[in-house]
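Each remark here refers to the structure printed beneath this line.
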Amino acid sequence: MEKKLAEAMAELTAVQEAVARAEGELGQSSTTARSRDRAVEVTVGPQGELTGLKFADNRHRSMTGPQLAASIMEAVQEGRSEMARKVMDVFEPLTRTTGRATGIRGIDIDWDRAFGSALDDGHGGGRRSSARLHDEIHED
């Protein structure tokens, strides 16, 4: 029993260290995305926050307010989606089961709850669950 407890504690420590490394890796992360019309470029931080906004080549000057707003929203959504995927990729190894005798399972993360609309695919398809993403990866 003591041996199993020691193994479980060692595994828990390893998971805590892996989470700390992942958080450190993501802490300074950002991603840049552009709208399809290339008029707007945004930078998004690790928590999906908007950290930069640029209007490329003054294209925005010929746009109506609603067109510019749509381009901004599109670029922000794309940036948030890219960052969400990046976070999911970094944390994915922690969601797998270990298969060790200790019985400690992978961390169960509700990606929809964590990222909300950032996981919207932009085509009316709604959010992806981690299980669906996992299935898609294995199908590829």
What's the verdict on salt bridge (Lys or Arg N to Asp or Glu O under 4.0 Å) for R38 and E74, showing C-alpha distance, side-chain angles and the deciding distance? CA-CA 11 Å; R38 314 296 280 166; E74 178 186 317; over 6 Å; no

Would you say V19 and V90 are hydrophobically clustered, going by side-chain heavy atoms of ILVMFWY under 4.5 Å? yes

Please check this pair: side chain of S35 against backbone of V40, looking for a donor-acceptor N/O pair closer than 3.5 Å. yes

Any side-chain heavy-atom pair from V44 and E82 closer than 4.5 angstrom? no

More than 12 heavy atoms of other groups within 6.0 Å of E41 CD: yes

Taking C-beta and beyond as the side chain, do S81 and Q77 meet within less than 4.5 Å on heavy atoms? yes

Donor-acceptor pairs are to be reported for all side-chain atoms of residues 53-63 against protein atoms at under 3.5 Å, with residues two or more places apart or in another chain.
unit_1	atom_1	unit_2	atom_2	d
R59	NH1	D37	O	2.9
S62	OG	R59	O	3.1

S29: what forms a side chain to side chain donor-acceptor pair (under 3.5 Å) with it, not counting sequence neighbours? K86

Residues L50 and V76: closest non-hydrogen pair is CD1-CG2, 4.0 Å

Quick one: does R80's side chain get under 4.5 Å of M83's, heavy atoms only? no

Might you point out which heavy atoms bring A75 and A33 nearest each other, and give the distance in Å? O-CB, 3.8 Å

Can you check whether G79's main-chain N or O pairs, donor with acceptor, with T31's side chain at less than 3.5 Å? no

Using a distance-only test with no angle check, is there a side-chain donor-acceptor pair under 3.5 angstrom linking E17 and T13? no

